[in-house]
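First up is the structure itself, then whatever we jot down about it.
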Amino acid sequence: MEGRKVIGWAARDQSGHLSPYSFTLRETSPEDVVFKVLYCGMDHTDLHQLRNEIHSTNYPLVPGHEVVGEVVELGSEVKKFRVRDIVGVGCIVGSCGECFSCKSNIEQYCNNRIFTYNGTYKDGRPTQGGFSSAMVVHQKFVVGIPKKLAPKQAAPLHCAGMTAYSPLKQFNRSDKVVNAGILGLGGVGHLGVLIAKAMGHHVTVISSSDKKRVEALEHLGADSFLVSSNSVEMEQAVNSLDYILDTVPTVHPLQSYLSLLNVDGKLIFVGAVPNPMHFDSVDLILGKKTISGSFIGSTEETQEILEFWAEKGLTSMIEVVKMDYANKAFERMERNDVRYRFVLDVASNKMES
């Protein structure tokens with residue numbers, strides 16, 4: 001199959017405004033999966049990319065890397081999927097396949113990874129994401145959605161959920177109670193709370209104000225809530241956490257958060273901050289503390305979290321919207337006016353270029 005025309009929603013410039021856009025899918029290979037897009041999550045990184053805030057954006061840009069769809073066509077060498085299967089794709093659709101990262105099943109760290117959108121295929125064509133009617137993806141980077149998991153619920157797990165799950169795996173099945181901190185209660189943060197609780201951790205949500213306390217404790221099941229602007233609360237929580245999952249995608253001070261970590265504690269960045277962050281090395285040295293980062297997860301881990309979600313019976317908090325609401329949804333996302341993740345109902349739209 002070659003030259004199939006599809007309709008997406010694309011940004012043409014740094015305004016980030018989305019409008020209908022017609023393009024053709026790349027030629028398929030024997031190992032490709034062709035699927036109709038059903039749902040696509042909306043991520044804060046999409047907003048950065050649309051506005052050319054992270055790295056050079058190639059316009060027109062069709063965003064979307066939390067994609068769930070229904071298989072409509074399979075290459076001759078694809079054996080693990082069938083037509084009408086519900087499948088998903090996350091942040092990358094290619095890698096070199098030969099480096100240490102690829103051979104270790106952590107292909108997201110391959111230097112030649114191909115991003116789902118704003119990337120470049122090996123033939124030089126630009127990649128376009130899930131804000132479109134259909135996609136073609138190599139089977140290596142496609143996962144199966146468990147039957148017990150609703151497709152719209154699965155969408156945010158491909159990036160937001162994966163971003164939290166991958167670094168938290170190291171603390172799973174510990175022989176002691178793990179004291180967890182989740183900094184920021186947005187799209188990634190709320191999934192981080194659910195994942196950490198499902199792993200048996202004692203979870204403290206850290207937020208800049210008190211307005212999400214009830215949400216965190218009563219709806220998401222966190223064990224405690226800490227207001228970072230409350231100096232008394234922060235002082236009482238010094239040296240109390242084994243790790244902090246930092247999901248905040250904007251510049252924020254680190255010193256007070258590092259003080260919350262116990263000896264050997266880890267501050268793990270997963271929010272893509274577009275400007276430099278600062279810390280005092282003494283805060284690390286005197287507590288044997290670590291600052292680290294984690295980037296999404298592998299295809300293998302993506303399949304893991306989908307199975308984990310279905311097995312634990314977890315439910316992410318999403319708001320499903322139509323494709324023509326995408327611009328408004330990004331405006332609301334920027335104001336933190338969503339509980340906690342927008343998911344686009346792509347298949348229901350009659351998109352015209």
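What you see below is based on every heavy atom in this structure, not just the backbone, and it leaves out hydrogens, waters and symmetry mates. This structure is a prediction, so every number in the text was calculated from the model and none was measured.
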Looking only at atom types and distance, does a side-chain atom of [X] sit under 3.5 Å from a main-chain N or O of [Y], one as donor and one as acceptor?
X    : Y    : result
D283 : I285 : no
Y117 : F131 : no
H219 : L217 : no
T57  : Q49  : yes
R12  : S19  : yes
N112 : C96  : no

Would you say the side-chain atoms of [X] and [Y] include a donor-acceptor pair closer than 3.5 Å?
X    : Y    : answer
E66  : H158 : no
E304 : Y165 : yes
S208 : S228 : no

Give the table of side-chain donor-acceptor pairs shorter than 3.5 Å for residues 307-323, with sequence neighbours excluded, one pair per line with atom names and distance.
from: E307; atom 1: OE2; to: Q303; atom 2: NE2; distance (Å): 3.3
from: W309; atom 1: NE1; to: L314; atom 2: O; distance (Å): 3.2
from: S316; atom 1: OG; to: Q153; atom 2: OE1; distance (Å): 3.0
from: E319; atom 1: OE1; to: R332; atom 2: NH2; distance (Å): 3.0
from: E319; atom 1: OE2; to: R332; atom 2: NH1; distance (Å): 2.9
from: K322; atom 1: NZ; to: S348; atom 2: OG; distance (Å): 3.1

- Message: Tell me which one of H201, K266, Q170 satisfies side chain to side chain donor-acceptor pair (under 3.5 Å) with Y243.
- Response: H201
- Passing candidate, side chain to side chain donor-acceptor pair (under 3.5 Å) with Q139, options K80, E77, K79, E31: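 Per the side chain to side chain donor-acceptor pair (under 3.5 Å) rule, the option paired with Q139 is E31, out of K80, E77, K79, E31.
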- Task: Could you tell me how the ring of F115 sits relative to the ring of F295: parallel (under 30°), tilted (30 to 60°) or perpendicular (over 60°)?
- Result: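 Rings of F115 and F295: perpendicular, over 60°.
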- Message: According to a hydrophobic-cluster definition based on side-chain heavy atoms being under 4.5 Å apart (Ile, Leu, Val, Met, Phe, Trp, Tyr only), do L254 and V238 belong together?
- Response: no
- Message: Quick check on side-chain contact (heavy atoms from CB on, under 4.5 Å): which of N262, D264, L261 does K288 satisfy it with?
- Response: D264
- Would you call D210 and R213 a salt bridge, using N to O less than 4.0 angstrom? yes
- Message: Taking the side chain as everything from C-beta on, heavy atoms only, tell me whether C159 gets closer than 4.5 Å to I296.
- Response: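 Side chain of C159 against side chain of I296, heavy atoms only: contact under 4.5 Å found.
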